[in-house]
Student: 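Structure incoming, see below.
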Amino acid sequence: MVLTKITKFICLICLFVFVSIHLYITRMTPNPYYGKVFYRLGLECQNKCSLNKQLAYFRKAVFYDPNLSAAYHQLGIIYGNKGQHEKEIESYKKAAQLNHADGEAYFKLGLYCFQKEELDSALRYLSQSDRYNPGSFDTFYYMARAYDKKGMYKEAVHHYVTALIISGSPRSLEVSEMIKSIFMLPDHREMVLIYLKV
């Protein structure tokens with residue numbers, strides 16, 4: 001009789017330990033559904049909450065669903081607004097990695113590389129931006145500037161002219177000045193005139 005009481009007691013302890021371990025593991029495993037919930041809360045909070053509260057929502061979103069590219073994109077925007085550019089770029093890289101059609105993330109990455117004088121990387125990212133978000137004045141403008149800095153004037157003029165065609169930007173005058181500066185370079189006048197006729 002004493003042995004069965006001890007056996008029952010040991011079985012109850014084992015059951016308690018098993019249930020505790022199961023609950024702990026279940027709680028530690030992120031549920032992707034919660035990621036979408038926190039993402040929606042972050043979006044709803046955008047014009048009503050502080051940047052820190054929005055940041056907390058989107059961080060929780062990517063904790064629960066590490067494949068939620070839109071949440072990484074929002075983190076990039078918030079980090080950019082807070083002036084935390086390294087975290088901004090890392091968030092945009094993750095967003096672009098998870099969603100290859102995120103043209104705005106590619107643009108931000110291209111602009112960052114352009115500002116750091118990493119022109120080949122800038123052109124690669126900006127080309128991806130144009131692929132998924134075609135017809136952006138800013139994309140063509142920075143592609144033209146990158147080609148201009150690399151001394152690839154034919155490509156620069158092509159992109160400057162394309163940016164002018166898109167136009168409607170206050171930088172149109174600046175673009176015209178850039179084209180004029182290439183036109184003034186020796187042996188480039190005919191090439192510029194050919195693009196301007198198109």
Side-chain angles (χ1 to χ4, degrees), residues 39 42-43 46-47 51 54-55 58 68-198:
Y39 174 73
L43 289 180
Q46 281 181 328
N47 296 323
L51 286 179
Q54 293 174 48
L55 186 63
F58 291 122
L68 193 55
S69 65
Y72 284 105
H73 188 103
Q74 292 300 320
L75 283 171
I77 292 170
I78 293 169
Y79 284 130
N81 290 337
K82 289 174 70 81
Q84 298 176 351
H85 299 296
E86 293 299 322
K87 288 182 177 181
E88 173 191 15
I89 294 308
E90 287 307 312
S91 297
Y92 282 129
K93 281 183 180 176
K94 190 69 176 175
Q97 178 187 2
L98 292 169
N99 177 9
H100 299 294
D102 190 342
E104 188 179 338
Y106 284 120
F107 175 76
K108 295 288 189 175
L109 292 168
L111 180 59
Y112 176 77
C113 291
F114 175 80
Q115 291 167 341
K116 293 191 66 108
E117 298 287 325
E118 297 169 1
L119 301 177
D120 289 330
S121 295
L123 287 167
R124 189 176 72 249
Y125 284 128
L126 291 169
S127 294
Q128 286 292 90
S129 174
D130 181 52
R131 180 176 178 189
Y132 295 110
N133 187 20
S136 166
F137 174 89
D138 288 332
T139 301
F140 282 105
Y141 173 78
Y142 284 106
M143 287 177 79
R145 293 278 314 275
Y147 281 123
D148 201 345
K149 286 184 177 223
K150 285 177 63 97
M152 300 172 70
Y153 299 117
K154 182 177 178 182
E155 291 82 357
V157 170
H158 168 74
H159 286 85
Y160 281 136
V161 170
T162 305
L164 275 178
I165 291 169
I166 294 169
S167 199
S169 171
R171 287 185 288 188
S172 295
L173 181 60
E174 182 185 347
V175 171
S176 299
E177 289 298 321
M178 298 287 201
I179 294 171
K180 181 181 173 187
S181 68
I182 295 174
F183 179 77
M184 299 307 283
L185 293 173
D187 301 326
H188 287 85
R189 292 182 179 192
E190 282 187 36
M191 179 266 297
V192 171
L193 290 173
I194 288 170
Y195 276 103
L196 290 175
K197 286 178 185 174
V198 173

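Heavy-atom basis, side chains included; hydrogens, waters and symmetry copies ignored.
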Student: Run the side-chain contact (heavy atoms from CB on, under 4.5 Å) test on F140 and V175 for me, step by step, so that the C-alpha distance in whole Å, both residues' side-chain angles and the decisive distance to 0.1 Å come before the verdict.
Tutor: CA-CA 10 Å; F140 282 105; V175 171; over 6 Å; no
Student: Start with the C-alpha distance between Y39 and F58, add both sets of side-chain angles, then the distance that settles ring pair (Phe, Tyr, Trp, His ring centres under 6.0 Å), and finish with yes or no.
Tutor: CA-CA 6 Å; Y39 174 73; F58 291 122; 5.8 Å; yes
Student: How long is the gap from CG on L51 to CD1 on I77, to the nearest 0.5 Å?
Tutor: 11.0 Å
Student: Apply the test side-chain contact (heavy atoms from CB on, under 4.5 Å) to residues K94 and S91: give CA-CA distance (whole Å), side-chain angles for both, the deciding distance (0.1 Å), then the verdict.
Tutor: CA-CA 5 Å; K94 190 69 176 175; S91 297; 5.8 Å; no
Student: Would K82 and L55 count as a side-chain contact (heavy atoms from CB on, under 4.5 Å) if you check the C-alpha gap in whole Å, the side-chain angles of each, and the deciding distance to 0.1 Å?
Tutor: CA-CA 10 Å; K82 289 174 70 81; L55 186 63; 4.2 Å; yes
Student: Just checking, any donor-acceptor pair under 3.5 angstrom between side chains of E86 and Y112?
Tutor: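 There is such a pair (donor and acceptor under 3.5 Å, judged by atom type) between the side chains of E86 and Y112.
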Student: How close do I179 and V161 get, heavy atom to heavy atom, and via which atoms?
Tutor: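 That closest heavy-atom pairing would be CD1-CG2, 4.0 Å.
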Student: State, to 0.1 Å, how close Y141 and A163 come at their nearest heavy-atom pair, and which atoms those are.
Tutor: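 Shortest heavy-atom separation between Y141 and A163 comes out as N-CB, 4.3 Å.
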Student: How far apart are the closest heavy atoms of H100 and Y106, and which atoms are they?
Tutor: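 The answer is O-CE1, 3.1 Å.
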Student: Kindly determine whether H85 and Y79 satisfy ring pair (Phe, Tyr, Trp, His ring centres under 6.0 Å), including the steps that lead there.
Tutor: CA-CA 7 Å; H85 299 296; Y79 284 130; over 10 Å; no
Student: Show the numbers, then the answer: is there a side-chain hydrogen bond (donor to acceptor under 3.5 Å, both in side chains) between Y160 and E177?
Tutor: CA-CA 10 Å; Y160 281 136; E177 289 298 321; over 6 Å; no
Student: How long is the straight-line distance from CG of D138 back to CZ of F107, given to the nearest 0.5 Å?
Tutor: 4.5 Å
Student: So, the side chain of S129 versus the backbone of G103: is there a donor-acceptor pair under 3.5 Å, distance only?
Tutor: yes
Student: To check you understand the geometry: which heavy-atom pair defines the closest contact between G110 and A122, and what is its length?
Tutor: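 Between these two residues, the closest heavy atoms are O-CB, 3.4 Å.
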Student: Could you pull out the closest heavy-atom pair between Q46 and Q54, with the gap in Å?
Tutor: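 Between these two residues, the closest heavy atoms are O-NE2, 3.1 Å.
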Student: Do K93 and Y125 come within less than 4.5 Å of each other through their side chains, counting heavy atoms only?
Tutor: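 Of all side-chain heavy-atom pairs linking Y125 with K93, at least one is under 4.5 Å.
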Student: Walk me through it: do L123 and K150 pass the test side-chain contact (heavy atoms from CB on, under 4.5 Å)?
Tutor: CA-CA 11 Å; L123 287 167; K150 285 177 63 97; 3.8 Å; yes
Student: When rounded to the nearest 0.5 angstrom, what is the spacing between CG in L173 and NZ in K180?
Tutor: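 The NZ atom of K180 is 10.0 Å from CG of L173, to the nearest 0.5 Å.
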Student: Hey, could you give me the CD/CD distance between Q84 and E90, rounded to the nearest 0.5 Å?
Tutor: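 Rounded to the nearest 0.5 Å, the CD-CD separation comes out at 13.0 Å.
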Student: With a 6.0 Å cut-off (strictly less than), is the heavy-atom count around CD of E190, excluding the residue itself, greater than 12?
Tutor: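 Check fails, neighbour count at 12 or below.
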Student: Nearest heavy-atom pair of G135 and D130: which atoms, and what distance?
Tutor: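 For G135 and D130, the tightest heavy-atom pair comes out as N-OD1, 3.7 Å.
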Student: Starting at OH of Y72, measure out to CG of D102 and round the result to the nearest 0.5 Å.
Tutor: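 One gets 13.5 Å once the value is rounded to the nearest 0.5 Å.
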Student: Mark yes or no for whether H159, through its side chain, and E155, through its backbone, hold a donor-acceptor pair below 3.5 Å.
Tutor: yes
Student: Quick check for you: to the nearest 0.5 Å, what is the distance between M152 atom CE and M143 atom CE?
Tutor: 10.5 Å
